[in-house]
There are 2 protein chains.
Amino acid sequence: MTLNETNTSPDNGDGNPSAHAPGMPVVAVIGDGQLARMMHTEAIELGQSVRLLAGAADASAAQVAADVVIGDYTNIDDLRRALKGADVMTFDHEHVPTEHLRQLISEGVNVQPGPDALVNAQDKLVMRKRLRELGAPVPPFAAIDNVEDALAFSEAVDGQVCLKARRGGYDGHGVWFPEGRDELEELVVKLLDAGTALMAEKKVALTRELSAMVARTPSGETAAWPVVESVQRGGVCAEAVAPAPELSPQLQDSTRGLAERIATELGVTGVLAVELFETRDANGQPEIFVNELAMRPHNTGHWTQDGCVTSQFEQHLRAVLDYPLGSTDTLAGYTVMANVLAADVDPEQPMARRMAEVWRRYPNAKIHLYGKGFRPGRKIGHVNMVGEDLATVRAEARAAANYLVNATWS
Amino acid sequence: MTLNETNTSPDNGDGNPSAHAPGMPVVAVIGDGQLARMMHTEAIELGQSVRLLAGAADASAAQVAADVVIGDYTNIDDLRRALKGADVMTFDHEHVPTEHLRQLISEGVNVQPGPDALVNAQDKLVMRKRLRELGAPVPPFAAIDNVEDALAFSEAVDGQVCLKARRGGYDGHGVWFPEGRDELEELVVKLLDAGTALMAEKKVALTRELSAMVARTPSGETAAWPVVESVQRGGVCAEAVAPAPELSPQLQDSTRGLAERIATELGVTGVLAVELFETRDANGQPEIFVNELAMRPHNTGHWTQDGCVTSQFEQHLRAVLDYPLGSTDTLAGYTVMANVLAADVDPEQPMARRMAEVWRRYPNAKIHLYGKGFRPGRKIGHVNMVGEDLATVRAEARAAANYLVNATWS
């Protein structure tokens, strides 16, 4: 390879020095999905270029980045290769083993968020115990180490059991709603036998899901975005509506405050998503419970790309680099994000043509695609629509996202 | 090189196939500056990845892109290498030789904008003749092929001569204001002897400069942004204020219409910037003259990144791909863009630290940096500020841009 023929990384596997402007920080992102991809977008505008540890050269983020180390995030030597010369290590997922993070920190690596915070996004039981200690609202829960635990918990919550894998769940995976004692017993035996660490919590009669997102720097500054409504279909986020409609200003404020307090108490750095259940209390008043935490940009924050002064991706980079945080002011009354979830059958009309059809109808549709191939149900992009009339914005975002996967106007 | 070691292009010099999602169009951008860099940003969000023809692997755009062919845009074989498999060829500058473009078109390449349009951005005399034919407002002008032409023109315009190189000028280069006959004569002889093709036009008593930007697709759709005021210092754009303050709605509309008409009549595709002079007519009423044309995203359009639904970079990609164009609606009352122009001396405080200081004071400052090293006067970035109060927005944008190069609050 000569410079005259093609650009790109040197062969030493330690990344591409040409990708980084002299004197600008290098953020190593462990992961190659759409979150890393969209961090790269924002990094470019800040005069930077992320370094990726990617599983494959054609993965979503690796496609578009100039400095990509191919490797395995469970292999500490691969992590070390990706971190060489980087100012900070961050993530687009929570799956890097904690022991590797501790080892890397002992070697001087600046890991943001650190393992003590991150464990709360990795282990649902640890997180619930910690939040309960903090007085944050969580549903009744218990560790499930055997069938007896499960049956006792079931009795305590009148059979309203939600069983969860402590680690590794996402998009509805790792969550079960057993009907009755027999099904619960059978499920617990099967899962524990398979080595799945379990917990259970009381099934919540939720009215809807909300999401409160906040960023925090190592210096302790926090900045929260407005709380959004997150619409799930089949356990997968389908839409986010920002701000959450019909949420009282008091609950909007207290929920933002809760997210900031969780970020601070847990020592989170970067972006934190607090997934919430909204229910009705005994008096029929809305109340909220924390469902999950994610410590990275999050699907329910994609709307910030087009609806806020500072997107979650820019904010994450600023936060992990300990820069002052950006304004979370909105740019319009409402922003609706609709996920582009691949249909069961990929339409014959090519995606590029579908984009054109969407834009012909909606010149203000902000289409974001991740460079991912077709697989039924896969998140391959999202559409943001911004405006003042919620019904219009929402209908248009849905129609646009639907057209991108079905090539028909529903 | 093994996949296990590092990402990136194959060694064949025809780009990096991993950089492009299957079925998505490939836009080949000839050029490696900040305009190409910011096209890449937008391409990523559209599920694409630009292919660059760059002069060096560490050039502004090449730093951050995954598919970079290193070569010389005046060499047709290098152009061919960069174009292999691309759906369309476009530019971040106007300097690709016309004969190469015609040859490539004869080989089936989709060149947008095409050479017949582009010549109007390459040759100032051709452009003025064409615009005069169209009835567009241009100052009196003449070809200057010898000293006699120059003296005759000078007499006709009462000595108010602006002499221009027909080709290759930018940022005040290639423009002269000779004082008196002797200086004019001397200058013309010197320049013609040096092989510089010349034209002259009447020096305009301008009250300010404006810029009207529009995009046009090969299918003929046009979309114009609001006309902005462009503030020049030392021949270089220092600020753009959008929309142009105190421009009557009639003149705002007619100027947008003029830009759309020029784009259509000249067959421009992609983004067109019409640089304008505002003067006062005999009755003291504002009137405008066309100064220059640029057929690509333009410095006076950077504000659209944060101030508009559709940025000029996204719009350029959509236009050259013949997609429907995006909304040019603004997101706030005013957006001010201030260029980050390197100072005479680079401050000791590192740029990353300067960014932090700017953000500490202005959490809503949108900083865009180009990954360029220090050189006095060089455009190394810009800051966009968006808001409702023009004086505030303008002062903040200026202060932020100034801090980034001087490390002091003026």
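Note that the structure is predicted; figures quoted are calculated from it, not measured. Reminder, nothing fancy here: chain letters follow the sequence lines and each chain counts from 1.
Counting heavy-atom pairs closer than 4.5 Å to chain A, the top residue among B:Q48, B:H20, B:R318 is B:R318. When each of B:P324, B:A21, B:A19 is checked for heavy-atom pairs under 4.5 Å with chain A, B:P324 comes out on top. When A:M351, A:E221, A:R37 are compared by the number of non-hydrogen pairs under 4.5 Å with chain B, A:R37 comes out ahead. Among B:D72, B:I44, B:V50, the residue making the largest number of heavy-atom pairs under 4.5 Å with chain A is B:I44.
Here A:D92 pairs with nothing under the side chain to side chain donor-acceptor pair (under 3.5 Å) rule; sequence neighbours left out.
If you measure heavy-atom distances from A:A352 to chain B, the contacts under 4.5 Å come from both the backbone and the side chain. Residue B:M24 touches chain A through its side chain alone, counting heavy-atom pairs closer than 4.5 Å. Proximity to chain B (any heavy atom under 4.5 Å) is shown, for A:D306, by neither the backbone nor the side chain. Heavy atoms of A:L331 lying under 4.5 Å from chain B belong to its backbone as well as its side chain. Proximity to chain B (any heavy atom under 4.5 Å) is restricted, for A:Q305, to the side chain, taken from C-beta onward.
More than 12 non-hydrogen atoms from other residues, nucleotides or ligands lie less than 6.0 angstrom from CZ of B:R360.
Rounding to the nearest 0.5 angstrom, the gap separating the CD atom in A:E357 from the OH atom in B:Y323 is 11.5 Å.
Closest of all the heavy-atom pairs between A:A65 and B:A66 is O-CB, 3.2 Å. Taking each heavy atom of B:I367 and A:L46 in turn, the nearest pair found is O-CD2, 3.6 Å. The minimum heavy-atom distance linking B:P363 with A:L325 is given by the pair CB-O, 3.9 Å. Closest of all the heavy-atom pairs between A:Q63 and B:S18 is CG-O, 3.2 Å.
With a 4.5 Å cut-off on side-chain heavy atoms, A:M38 and B:E45 count as touching.
Sorted by first then second residue, the side-chain hydrogen bond (donor to acceptor under 3.5 Å, both in side chains) pairs that include residues 25-35 of chain B, not counting sequence neighbours, are B:Q34-B:K372.
A salt bridge links A:E314 with B:K366; the closest basic N to acidic carboxylate O contact falls under 4.0 Å.
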